[in-house]
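Report on the structure given below.
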Amino acid sequence: MSNRVNIGVIGAGGMGGRHAVNLTDAVAGAKVTAIMDVDSARAEEIAARCGGAKVFADAEQLVAAPDVDAVVIAAPNRFHAGLTLSCIAAGKPVLCEKPLASDGEEARGVVDTETAGGKRLVQVGFMRQYDPDHVAVKQVSDSGKQGQPLVIRSVHINPSWGDIPSLSDVINGSLIHDIHSARWMMGDEIARVHTSFIPFSPTQPLSARYVMIQLHFRNGTLGSLECNSDSGYGYEITVSITGETGVVQSSPLPHPIVRHSNASSQWIEEDWLQRFNTAYVNEAQAWVQSILDGEAAGPSAWDGYVAILVADAGIESGLQAQPVAVEVPEMPALYG
């Protein structure tokens with residue numbers, strides 16, 4: 001194996017552009033050799049920023065290109081599963097942004113295809129697994145210093161969606177990260193969910209301004225996931241785990257407190273790209289290193305699939321206003 005991975009990035013918007021620049025500026029062993037986006041001007045801009053990467057007008061051509069060893073998928077969600085399957089067929093490692101697919105059936109197709117090939121090639125972009133705050137909370141909980149974990153709570157604050165989001169938008173677009181974090185940090189599967197939500201107005205009953213999902217894990221522990229989709233002030237993420245003898249919680253605002261002119265203030269990030277900048281770099285570095293090592297790591301296609309099963313159950317629960325069981329099949333040995 002070469003000591004460098006040539007990477008193609010599909011999607012040059014905010015997320016794809018961030019991945020491309022991180023891979024170019026901050027990740028050892030990576031070189032961005034190809035960019036694809038339907039916005040050719042944006043693709044050219046990011047390609048130039050990455051040292052003159054080749055620009056493609058077609059995603060499938062990028063996947064098949066001989067000078068592309070691995071692929072980052074940051075295209076719109078509806079293309080994720082199909083492009084991931086193309087990468088698997090080409091035998092190329094892929095970092096696919098969440099969600100892995102549009103629904104559970106489509107995600108299961110990705111899992112079955114990867115399993116049939118007998119080799120892990122897919123990593124899903126659940127970057128909180130690389131966020132220093134989330135890692136620190138999990139490490140303290142795993143140490144046993146607070147006894148057995150009892151409850152996980154995650155609070156997800158968005159400044160605004162721009163458009164008015166539906167319940168499905170909020171769960172699939174935001175809370176799916178919290179769902180994966182809950183599974184990863186508690187080390188157990190979610191067996192039942194109960195979703196409640198507040199719409200933006202009575203005339204838009206399926207819109208979702210504030211969403212709460214109660215979790216019941218297989219081992220009897222509990223969880224609470226909250227998302228404010230229109231806070232009006234900034235972006236925040238807080239996670240905590242309550243144990244038998246104590247609580248560990250991430251710091252909601254890492255920035256210094258400034259006191260001036262009879263006021264005390266603290267800066268709040270504008271969006272997720274600012275809040276998780278370090279996590280995105282760590283995620284990309286770990287992914288590239290796993291390719292160089294020839295051993296896949298990080299959130300898998302199975303994790304992406306199960307997160308979608310939980311998300312689908314959460315949406316159903318909110319629409320039915322009652323708890324819904326999550327049926328998770330037996331995990332294939334490939335992901336053990």
Side-chain angles (χ1 to χ4, degrees), residues 98-99 123-157 170-171 174-196 210-228 235-254 272 275-276 278-279 282-283 286 297-314 317-318 323-331 335-336:
K98 63 78 191 166
Q123 180 171 321
V124 179
F126 291 127
M127 78 295 184
R128 293 191 196 178
Q129 199 162 322
Y130 301 93
D131 173 54
D133 285 350
H134 283 72
V135 171
V137 169
K138 178 171 171 56
Q139 287 176 339
V140 171
S141 180
D142 287 351
S143 73
K145 293 178 181 177
Q146 299 167 296
Q148 291 295 314
L150 302 175
V151 178
I152 184 168
R153 183 172 184 238
S154 181
V155 180
H156 190 144
I157 306 294
V170 173
I171 292 179
S174 292
L175 281 171
I176 197 164
H177 275 297
D178 304 77
I179 289 167
H180 173 73
S181 294
R183 294 180 57 246
W184 164 61
M185 297 179 82
M186 296 295 275
D188 194 28
E189 293 294 2
I190 297 163
R192 188 169 73 255
V193 297
H194 191 179
T195 302
S196 302
Y210 206 104
V211 179
M212 299 181 68
I213 305 179
Q214 293 176 288
L215 309 178
H216 291 256
F217 291 87
R218 286 178 177 176
N219 63 9
T221 55
L222 302 175
S224 173
L225 312 181
E226 301 179 28
C227 183
N228 183 344
Y235 185 88
E236 287 186 78
I237 297 292
T238 306
V239 63
S240 67
I241 296 178
T242 299
E244 295 171 316
T245 59
V247 178
V248 55
Q249 177 178 313
S250 65
S251 175
L253 297 176
W272 69 95
R275 167 61 181 83
F276 289 110
T278 299
N282 293 348
E283 173 190 51
S300 66
W302 179 257
D303 292 317
Y305 167 57
V306 175
I308 290 174
L309 292 182
V310 177
D312 286 349
S317 172
V324 170
V326 181
E327 302 294 338
V328 179
E330 183 179 354
M331 182 174 66
Y335 306 105

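The analysis underlying the following values was restricted to heavy atoms, covering all of them including side chains, and did not include hydrogens, waters or symmetry mates.
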Exercise for the section: For the residue pair Trp302 and Tyr335, categorise the inter-ring angle as parallel (less than 30°), tilted (30 to 60°) or perpendicular (more than 60°). Expected result: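 It falls in the parallel class, under 30°.
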Donor-acceptor pair, [X] side chain versus [Y] backbone, under 3.5 Å?
X      : Y      : value
Ser317 : Ala313 : no
Asp188 : Arg218 : yes
Ser250 : Val239 : yes
Ser141 : Lys138 : no
Thr245 : Gln146 : yes

Handout entry: salt bridge (charged side-chain N to carboxylate O under 4.0 Å, His left out): pairs with one or both residues in residues 174-186, sequence neighbours excluded
Key =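 The answer is Arg128-Asp178, Arg183-Glu189, Arg183-Asp303.
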Handout entry: Verdict with reasoning, Glu236 to Leu253, per side chain to side chain contact (heavy atoms under 4.5 Å, CB included)
Key = CA-CA 7 Å; Glu236 287 186 78; Leu253 297 176; 3.8 Å; yes
Which atom names give the shortest non-hydrogen contact between [X] and [Y], and what distance separates them?
X      : Y      : result
Ile176 : Ala311 : CD1-CB, 4.4 Å
Pro149 : Thr221 : O-CG2, 3.3 Å
Val135 : Gln129 : CG2-O, 3.5 Å
Pro99  : Ile308 : CB-CD1, 4.3 Å
Glu244 : Gly147 : OE1-CA, 3.4 Å
Pro299 : His180 : CG-NE2, 3.9 Å

Pairwise distance [atom1]([X]) to [atom2]([Y]) - rounded to 0.5 angstrom:
X      : Y      : atom1 : atom2 : value
Arg275 : Asp133 : CZ    : CG    : 5.0 Å
Leu175 : Ser154 : CG    : OG    : 7.5 Å
Ile171 : Ile213 : CD1   : CD1   : 4.0 Å
Gln139 : His134 : CD    : NE2   : 13.0 Å
Ile152 : Phe217 : CD1   : CZ    : 6.0 Å
Leu222 : Ile190 : CG    : CD1   : 11.5 Å

Exercise for the section: Show the numbers, then the answer: is there a side chain to side chain contact (heavy atoms under 4.5 Å, CB included) between His177 and Met127? Expected result: CA-CA 8 Å; His177 275 297; Met127 78 295 184; 3.4 Å; yes
Problem - Test item: Tyr235 and His156 side chains (from C-beta on) under 4.5 Å apart, heavy atoms - result: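 Sidechains of His156 and Tyr235: in contact.
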Practice task
Could you tell me whether the side chain of Pro329 reaches within less than 4.5 Å of the side chain of Leu309, counting heavy atoms only?
Solution key: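 Counting from C-beta outward, Leu309 and Pro329 do come under 4.5 Å.
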Handout entry: With Thr238 via side chain to side chain donor-acceptor pair (under 3.5 Å) - residues at least two apart
Key =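 In terms of side chain to side chain donor-acceptor pair (under 3.5 Å), with neighbours along the sequence ignored, Thr238 is linked to no residue.
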Exercise for the section: Give the intermediate values and the outcome of side chain to side chain contact (heavy atoms under 4.5 Å, CB included) for residues Met331 and Tyr305. Expected result: CA-CA 11 Å; Met331 182 174 66; Tyr305 167 57; over 6 Å; no
Exercise for the section: Sequence neighbours left out, what passes side chain to side chain contact (heavy atoms under 4.5 Å, CB included) with Glu226? Give chain and number order. Expected result: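 Residues passing side chain to side chain contact (heavy atoms under 4.5 Å, CB included) with Glu226: Arg153, Val155, Tyr210, Met212, Ser224.
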